[in-house]
Amino acid sequence: MLKEGNPLPAQEQRGFPPGWRRKALKLSPECRTCIFEWVHQRTAPHVPTWAKSSLSDKIAEAIVKGASGSSNAALLCNRAVFSAREIESGSVAYYQAFKDKSNAEAKELLPMVREYLKRGTTKREKLERALSVAAAANVAPLGAPSSAFTFSDVIDVIEGRLPPVLAGDVHDAIVTARRVLYVTDNAGEIGFDSIVLKSLKDRGIYVTLVVKEDGFFEDATMSDASYFGLEEVVDEIVASRGFFVRGELSTALSMAYDLCDLIIVKGTGSFEALRGETAERKVIFMLKVKCKPIAIDTGVEQGRVLVKVEAGKIQ
């Protein structure tokens, strides 16, 4: 177990975990099933009974039409979500109430997180702790969440029960960066991102924060960023229509991507969107490993919290 004030084991601190290997993330049949369930479970409760069959057909059609062995899972997920929106619109109010509760839960824990960071003995350790806590906040389940997020993994990291895996030198990746593109994931979770964002700004880094447009289930939007005062922390905030997928970005997002030299990415969907897709730019992925394909790809067992540096395009 990770003890207070002690560094992580060398293998998990700045080296790579056993079994880690550089390769592009491919779409498996299991991924297609997961995408269907991810979208369907978040939309089906919010459509009338007569429309449920049509909803299932539209989601399945979007996945089958776009799926191949080299498809981007996040792109397929976007298409499935947008096809479901033709029928479903009732989830917006439901998830707004859900997100409000999750944001409040996160805000209550932030003083504990700040104390945890203060107990770091070096600037490197403080930064690694901030990244680890932000990654541990990635608690959204693959199925639809049934209650507001309570962030027990954040507490487990702080108290040493869930040592994070730090793969690669995250400190070096950040201190050498000038412009960071920070892609958020869920509401509530974005509150813990604020700790990392403040650390980036303290280092004089220009930060563009990416949130989702309204209506993307439990994902963080402009209003969630405002709840934590992030418009006063970062240099600009830009909204993405769905998962951040290269080749399908707005002009503002494309410009932000072209100007950045480091990308920091939260969550499973964004891992699938950008794994091996960032050209010469470094990317730091922060997530909880929730499924077998990502566990195999990263060499990190399911249930672990992962902060991983990827240096450019993977062949």
Side-chain angles (χ1 to χ4, degrees), residues 1-18 99 101-142 145-171 174 184-200 202 218 220 224 227-228 264-268 271 284-291 294-295 298-309:
M1 292 176 62
L2 177 63
K3 301 300 182 182
E4 180 61 41
N6 291 339
L8 294 170
Q11 179 177 302
E12 294 187 351
Q13 186 176 21
R14 284 177 282 279
F16 294 95
K99 293 196 299 177
K101 292 178 182 178
S102 296
N103 285 336
E105 290 282 351
K107 201 165 201 175
E108 286 189 11
L109 287 176
L110 286 178
M112 178 190 298
V113 171
R114 294 188 184 101
E115 286 301 316
Y116 172 65
L117 299 188
K118 286 179 183 178
R119 293 195 294 271
T121 56
T122 65
K123 289 184 178 180
R124 175 186 288 274
E125 186 179 2
K126 291 178 189 293
L127 178 59
E128 290 175 346
R129 287 184 174 210
L131 293 166
S132 297
V133 165
N138 180 229
V139 297
L142 295 180
S146 58
S147 60
F149 302 137
T150 57
F151 308 104
S152 59
D153 286 349
V154 168
I155 298 173
D156 286 344
V157 166
I158 289 174
E159 297 182 352
R161 292 187 295 271
L162 184 64
V165 177
L166 301 185
D169 195 332
V170 294
H171 178 267
I174 287 175
T184 62
D185 193 14
N186 299 308
E189 179 179 343
I190 194 174
F192 301 97
D193 294 329
S194 68
I195 302 295
V196 180
L197 295 168
K198 178 67 164 54
S199 180
L200 296 176
D202 287 346
E218 69 265 36
D224 300 304
Y227 180 86
F228 293 100
I264 300 178
V265 186
K266 295 293 297 293
T268 300
F271 179 86
I284 297 175
F285 292 107
M286 297 189 290
L287 68 155
K288 184 175 181 178
V289 178
K290 301 171 185 173
C291 66
I294 291 180
T298 60
V300 176
E301 64 184 322
Q302 287 179 244
R304 295 296 298 275
V305 171
L306 173 64
V307 181
K308 185 175 95 66
V309 180

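Numbers here are sequence positions counted from 1.
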Beyond-backbone contact of [X] with [Y], side-chain heavy atoms, under 4.5 angstrom:
{"X": "T298", "Y": "F285", "answer": "no"}
{"X": "Y227", "Y": "K99", "answer": "no"}
{"X": "D224", "Y": "E218", "answer": "no"}
{"X": "L166", "Y": "L131", "answer": "no"}
{"X": "K118", "Y": "E115", "answer": "yes"}
{"X": "N103", "Y": "F228", "answer": "yes"}

Keeping the roles fixed (side chain from R304, backbone from P163), state whether a donor-acceptor pair exists under 3.5 Å.
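Here the side-chain-to-backbone pair exists.
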Quick check: are there more than 12 heavy atoms from other residues, nucleotides or ligands sitting under 6.0 Å from NZ of K290?
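Yes, enclosed.
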For the CZ atom of F271 and the SG atom of C291, what is their distance to the nearest 0.5 Å?
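Here the interatomic distance stands at 9.0 Å.
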Atom CZ in R119, atom NZ in K126: separation rounded to 0.5 Å?
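Rounded to the nearest 0.5 Å, the CZ-NZ separation comes out at 10.0 Å.
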Give me the one residue out of T122, V170, L117, I174 that meets side chain to side chain contact (heavy atoms under 4.5 Å, CB included) with L127.
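For L127, the side chain to side chain contact (heavy atoms under 4.5 Å, CB included) test succeeds with only one of T122, V170, L117, I174, which is I174.
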Option from V300, V307, V289 for which side chain to side chain contact (heavy atoms under 4.5 Å, CB included) with V165 holds
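Testing each of V300, V307, V289 against V165, the sole residue satisfying side chain to side chain contact (heavy atoms under 4.5 Å, CB included) is V300.
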Under the criterion salt bridge (charged side-chain N to carboxylate O under 4.0 Å, His left out), I'd like the reasoning laid out for K101 against E105: C-alpha separation, chi angles, the key distance, then a yes or no.
CA-CA 6 Å; K101 292 178 182 178; E105 290 282 351; over 6 Å; no
side-chain contact (heavy atoms from CB on, under 4.5 Å) between I158 and L109, worked out
CA-CA 11 Å; I158 289 174; L109 287 176; over 6 Å; no
Contact summary for [X] and [Y], nearest pair of heavy atoms:
{"X": "T184", "Y": "A220", "answer": "OG1-CB, 4.2 Å"}
{"X": "S102", "Y": "F151", "answer": "O-CE1, 3.6 Å"}
{"X": "A295", "Y": "Q302", "answer": "CB-CG, 3.9 Å"}
{"X": "V157", "Y": "A136", "answer": "CG2-CB, 3.6 Å"}

When the side chains of residues 185-199 are checked against the rest of the protein, which donor-acceptor pairs come out under 3.5 Å, sequence neighbours left out?
unit_1: D185; atom_1: OD2; unit_2: N138; atom_2: ND2; d: 2.9
unit_1: N186; atom_1: ND2; unit_2: E189; atom_2: OE1; d: 3.1
unit_1: E189; atom_1: OE2; unit_2: K266; atom_2: NZ; d: 2.9
unit_1: D193; atom_1: OD1; unit_2: Y182; atom_2: OH; d: 2.8
unit_1: D193; atom_1: OD1; unit_2: K266; atom_2: NZ; d: 2.6
unit_1: S194; atom_1: OG; unit_2: G191; atom_2: O; d: 2.3
unit_1: K198; atom_1: NZ; unit_2: D202; atom_2: OD1; d: 3.1
unit_1: K198; atom_1: NZ; unit_2: D202; atom_2: OD2; d: 3.2
unit_1: S199; atom_1: OG; unit_2: R203; atom_2: NH1; d: 2.5

Criterion side-chain contact (heavy atoms from CB on, under 4.5 Å) on L306 and I294, from CA distance to verdict:
CA-CA 11 Å; L306 173 64; I294 291 180; 5.8 Å; no
Can V139 and K288 be said to form a side-chain contact (heavy atoms from CB on, under 4.5 Å), step by step?
CA-CA 7 Å; V139 297; K288 184 175 181 178; 5.6 Å; no
